[in-house]
Participant: 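Sharing a structure, written as structure tokens. Questions coming.
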Number of protein chains: 2
Amino acid sequence: MKYIEKLRNSGLRPTKQRLQICEVLFDVDETFHFTIYDLAKKIKKKHNNKISLATVYNTVHAFEKKGYLKQIPINSNQTYFDTNVSDHHHFYDLSEEKLIDLKNSDVGPINIKKKIDGKKIKSVEVLVKLED
Amino acid sequence: MKYIEKLRNSGLRPTKQRLQICEVLFDVDETFHFTIYDLAKKIKKKHNNKISLATVYNTVHAFEKKGYLKQIPINSNQTYFDTNVSDHHHFYDLSEEKLIDLKNSDVGPINIKKKIDGKKIKSVEVLVKLED
DNA sequence: AAAGTACTTTATAATGATTCTAAACAAGTG
DNA sequence: CACTTGTTTAGAATCATTATAAAGTACTTT
Ligand SMILES: [Mn+2]
Ligand SMILES: [Mn+2]
Ligand SMILES: [Zn+2]
Ligand SMILES: [Zn+2]
């Protein structure tokens, strides 16, 4: 299976549950922006079985740590993750509570002129909030 | 008192508790980036009394709704607020979990080229994560 | 393939931030 | 001062997330 390596790289044994999570996360071409609840719902629908929330949380966090997923900073009570781990920016549609990818060419290069001693830049992310 | 108007504008009667919250929030020149817990701690220290958390939450949310405070999107289990309500960007120091204001001249103008039908841009915020 | 070890899943409990509730209390009004 | 309305508060409720520990599975070693 094509996800076994991804799981092993993340320090996880390939189990039925984890492979199902992978299929939902990585089997599609388009970016998937999701909360844990979204993901659990999608697994249930696609595979017609329920995976314990603890397993979903653990797997998602292992992937995030390894860089196969990333978290998107948003003002929400739930944490949002993204299958697009490249450096990119977002629209956030406030009324639908949905994230939309922006291409870097939609935003242009961002040059941060200020420096803080002893710290280096890890990421630069733009969040564009949209209203109706 | 100088905060009575701010409170009335926010639809709140000026009470002892709310005026104390105002003093901590608006009596200083520098921007204050805070969580509800930070704010409650600071009130306790400055005024030597404790205000119920419900009151702190209610007051902060009323100010936010009126535009006297704003929320900063961050990956954290706690919500961060900002007394600087102008359009501006942030460094987020990951190891100290602290926000630092960036001047707009530190980032330069950001021109969002993509448009979404029926939606308009409400805000454009840059978050620069810093590591050691 | 059986046995042994280490890791995994799961239901359930614990935690922690935030919101709700309703009773005691304070502010505004005339 | 009486009256109404808004406020404070402790404590309960809610909800996302994390921890626990018992039963199950994957991998390794014979
Ligand atoms: Mn937040
Ligand atoms: Mn978040
Ligand atoms: Zn994205
Ligand atoms: Zn700020």
Side-chain angles (χ1 to χ4, degrees), chain A residues 1 3-24 33-44 47-66 69-81 97, chain B residues 1 3-25 33-44 47-66 69-81 97 99:
Chain A
M1 293 278 283
Y3 299 123
I4 293 182
E5 186 197 351
K6 224 163 194 164
L7 286 164
R8 293 233 185 268
N9 275 337
S10 309
L12 301 175
R13 286 181 181 172
T15 63
K16 177 163 70 74
Q17 290 85 344
R18 286 169 178 164
L19 288 166
Q20 290 184 347
I21 292 171
C22 285
E23 284 173 43
V24 170
H33 296 111
F34 64 97
T35 64
I36 294 293
Y37 176 77
D38 293 334
L39 177 53
K41 207 169 50 181
K42 213 164 170 178
I43 293 166
K44 202 168 174 184
H47 296 283
N48 236 69
N49 63 346
K50 169 182 167 294
I51 296 179
S52 145
L53 266 188
T55 299
V56 180
Y57 273 103
N58 290 340
T59 306
V60 164
H61 284 140
F63 284 148
E64 191 211 354
K65 191 171 176 190
K66 189 63 190 181
L69 290 175
K70 67 178 200 176
Q71 249 184 280
I72 305 298
I74 275 275
N75 289 129
S76 165
N77 49 331
Q78 285 155 268
T79 302
Y80 275 77
F81 294 91
E97 296 191 323
Chain B
M1 294 278 284
Y3 300 122
I4 293 182
E5 187 196 349
K6 224 164 196 163
L7 286 165
R8 293 232 186 267
N9 275 336
S10 309
L12 302 175
R13 285 183 182 174
T15 63
K16 178 164 70 72
Q17 291 86 344
R18 287 168 177 166
L19 288 166
Q20 290 184 346
I21 293 170
C22 286
E23 284 174 41
V24 171
L25 286 178
H33 297 110
F34 63 98
T35 63
I36 295 291
Y37 176 77
D38 292 335
L39 177 54
K41 208 169 52 181
K42 211 163 173 181
I43 293 165
K44 202 169 174 182
H47 295 284
N48 238 70
N49 63 346
K50 171 183 165 295
I51 296 179
S52 145
L53 267 189
T55 300
V56 180
Y57 273 103
N58 290 339
T59 307
V60 164
H61 285 140
F63 283 149
E64 192 211 354
K65 191 171 175 191
K66 189 62 189 181
L69 289 176
K70 66 177 200 178
Q71 248 184 282
I72 306 297
I74 275 276
N75 290 128
S76 165
N77 50 331
Q78 285 155 269
T79 302
Y80 275 77
F81 294 90
E97 296 190 322
L99 284 162

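Protein chains get the first letters and strands the later ones, always in sequence-line order, with residue 1 at the start of each.
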Participant: I need the residues from residues 50-60 of chain A with at least one non-hydrogen atom less than 4.0 Å from DNA chain D; give them sorted by number, or say none.
Facilitator: A:A54, A:Y57
Participant: Could you give the CD1-to-P distance, from B:I74 to C:dA17, as a whole number of Å?
Facilitator: 16 Å
Participant: How would you give the extent of chain A contacts on DNA chain D, as first and last nucleotide 5' to 3' within a 4.0 Å heavy-atom cut-off?
Facilitator: D:dA16 to D:dC27
Participant: For residues B:H61 and B:F81, determine if any side-chain heavy atom of one lies less than 4.5 Å from a side-chain heavy atom of the other.
Facilitator: yes
Participant: Detail all sub-3.5 Å separations between protein N/O atoms and N/O atoms belonging to nucleotides 24-27 of chain C.
Facilitator:
| residue | atom | partner | partner atom | Å |
| --- | --- | --- | --- | --- |
| C:dA27 | N3 | B:R13 | NH1 | 3.3 |

Participant: Could you tabulate the donor-acceptor pairs under 3.5 Å formed by side-chain atoms of residues 48-57 of chain B, not counting sequence neighbours?
Facilitator:
| residue | atom | partner | partner atom | Å |
| --- | --- | --- | --- | --- |
| B:N49 | ND2 | B:Q20 | OE1 | 3.2 |
| B:S52 | OG | B:A54 | N | 3.2 |

Participant: So how far off straight is the helix from C:dA1-D:dT30 to C:dG30-D:dC1, going by the axes through five pairs at either end, to 10°?
Facilitator: 30°
Participant: Considering only heavy atoms from C-beta outward, does the side chain of B:I36 approach that of B:T79 to under 4.5 Å?
Facilitator: no
Participant: Does any part of the side chain of A:Y80, heavy atoms only, come nearer than 4.5 Å to the side chain of A:E97, both counted from C-beta?
Facilitator: yes
Participant: When the distance from CG of A:N49 to P of C:dT9 is rounded to whole Å, what number comes out?
Facilitator: 12 Å
Participant: Less than 4.5 Å apart, side chain to side chain, heavy atoms only: is that true for A:L7 and A:L19?
Facilitator: yes
Participant: Once you round it to whole Å, what is the distance between P of C:dT18 and CD of A:Q78?
Facilitator: 14 Å
Participant: Sequence neighbours left out, what pairs pass side-chain hydrogen bond (donor to acceptor under 3.5 Å, both in side chains) with at least one residue falling in residues 9-18 of chain A?
Facilitator: A:N9-A:Y68
Participant: Compare all side-chain heavy atoms of B:L25 with those of B:F63 and state whether any distance is below 4.5 angstrom.
Facilitator: yes
